[in-house]
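This report refers to the structure that appears directly beneath it.
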Amino acid sequence: MKLLTSAVFAGLAAGLIAALLQFSFVTSSLLEGELYEAGEKVHFAVDGTPQSPRGGAEVDLAAEPMRYGLTVAFNIVTYTGFGLLLVALMALAETKKLTKITPRQGLIWGLAGFVAIQLAPAMGQPPVLPGSVGAEIGPRQAWWLATLLSAGLAMWLLAFGRGLWPWLAIPLLLVPQIIGAPVLDTYFGVTPAELAASFAAMSLGYSAAGWAALGFFAAYFYSRQEA
């Protein structure tokens, strides 16, 4: 029960923080990408110049309450699921007397989770804006899962490995990138490259903050229930 309640409280707090950051920094780019995807905006076709006006999509919570409410709910559910995994690993590490869990350590745990689950896969498959096109979903999912597992094991070895074991983290992090994620043979899409790059960077930034919050709160609630 201690693991479950710690994960739920941490997931709720981190999910709300992540949703707020998403609305503030990411959603406007997402909405603008949808305009290009739907053909309401067209890149390289305004007055015959290789330019298109920036903006045109603002976040309006009152206009689509269901959509934004589901975004909040999705963030909470997602971070709660990751919180269960994080708290279970924290409990395992403490049971094995590898470490003592504190909120400060929780920040590091959260950032390690971000590296394993978001940053490492994003090296080959960055967050995709609507209107952009990727390779077939099956091979991409297989590569993402393999990268996640490899990077997760690398984080564990770096933290708790003894002797030469931490050195194994280097090939574990590099091999998926050397193999490479599935890609298309051509470049195409309807969204501006600048918008897609901004969306990817902001998505990773808010995810890092969400994971840091998740790690902190997971460790905070877990350690409080131990006291």
Side-chain angles (χ1 to χ4, degrees), residues 14-82 114-148 151 176-177 179-211:
L16 290 174
I17 291 171
L20 177 61
L21 293 173
Q22 186 175 357
F23 292 151
S24 300
F25 299 107
V26 181
T27 303
S28 59
S29 296
L30 178 68
L31 294 174
E32 189 173 356
E34 290 177 352
L35 294 179
Y36 283 100
E37 186 178 42
E40 296 179 42
K41 293 185 71 175
V42 181
H43 193 43
F44 288 126
V46 178
D47 299 327
T49 67
Q51 301 178 20
S52 54
R54 186 183 183 91
E58 302 298 331
V59 178
D60 186 353
L61 299 181
E64 296 182 274
M66 179 63 73
R67 172 175 181 162
Y68 295 116
L70 288 175
T71 297
V72 174
F74 178 78
N75 273 283
I76 291 174
V77 170
T78 300
Y79 278 100
T80 299
F82 286 139
F114 164 73
V115 170
I117 294 178
Q118 308 238 209
L119 184 60
M123 297 292 289
Q125 298 185 61
V128 177
L129 184 69
S132 302
V133 181
E136 291 184 21
I137 189 68
R140 280 194 294 153
Q141 286 179 332
W143 183 88
W144 176 85
L145 181 59
T147 303
L148 182 158
Q177 308 304 331
I179 294 173
V183 295
L184 295 170
D185 295 332
T186 58
Y187 297 112
F188 61 89
V190 296
T191 55
E194 298 88 345
L195 181 62
S198 175
F199 172 78
M202 288 293 186
S203 294
L204 289 173
Y206 103 83
S207 295
W211 270 98

All side-chain contact (heavy atoms from CB on, under 4.5 Å) counterparts of [X], not counting sequence neighbours:
| X | value |
| --- | --- |
| Leu61 | Phe23, Val59, Tyr68 |
| Ser24 | Leu20 |
| Asp60 | Ala62, Ala63 |
| Ile17 | Leu21, Ala213, Phe217 |

Quick one: list whatever passes ring pair (Phe, Tyr, Trp, His ring centres under 6.0 Å) with Phe114, sequence neighbours left out.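 By the ring pair (Phe, Tyr, Trp, His ring centres under 6.0 Å) rule, Phe114 matches no residue at all.
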Please, which pairs that meet salt bridge (Lys or Arg N to Asp or Glu O under 4.0 Å) have at least one residue in residues 22-35, sequence neighbours excluded?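 Sorted pair list: Glu32-Lys41, Glu34-Arg67.
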Restricting to non-hydrogen atoms, name the atom on [X] and the atom on [Y] that form the minimum distance, rounded to 0.1 Å.
| X | Y | result |
| --- | --- | --- |
| Ala116 | Pro121 | O-CD, 3.4 Å |
| Ala122 | Leu204 | CB-CD2, 3.8 Å |
| Val26 | Ser203 | CG1-OG, 3.7 Å |
| Ala14 | Gly210 | CB-O, 3.8 Å |

Distance from Thr191 atom OG1 to Glu37 atom CD, nearest 0.5 Å?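 That separation rounds to 9.0 Å.
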Please report the interatomic distance CE(Met66) to OG1(Thr71), rounded to the nearest 0.5 Å.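 It is 11.5 Å, given to the nearest 0.5 Å.
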Let me check something: any side-chain donor-acceptor pairs from residues 138-146 under 3.5 Å, sequence neighbours excluded? List them with distances.
unit_1: Arg140; atom_1: NE; unit_2: Ala135; atom_2: O; d: 2.8
unit_1: Arg140; atom_1: NH2; unit_2: Ala135; atom_2: O; d: 3.3
unit_1: Trp143; atom_1: NE1; unit_2: Pro176; atom_2: O; d: 3.0
unit_1: Trp143; atom_1: NE1; unit_2: Gly180; atom_2: O; d: 3.3

Which residues satisfy the side-chain hydrogen bond (donor to acceptor under 3.5 Å, both in side chains) test with [X], sequence neighbours excluded?
| X | value |
| --- | --- |
| Gln22 | Asn75, Tyr206 |
| Tyr79 | none |
| Thr147 | none |

Does any N or O in the side chain of Thr80 come within less than 3.5 Å of the main-chain N or O of Ile76, such that one atom is a donor and the other an acceptor?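 Such a contact is found between Thr80 side chain and Ile76 backbone.
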Show your working on side chain to side chain contact (heavy atoms under 4.5 Å, CB included) between Tyr36 and Leu195 and close with a plain yes or no. CA-CA 11 Å; Tyr36 283 100; Leu195 181 62; 4.1 Å; yes
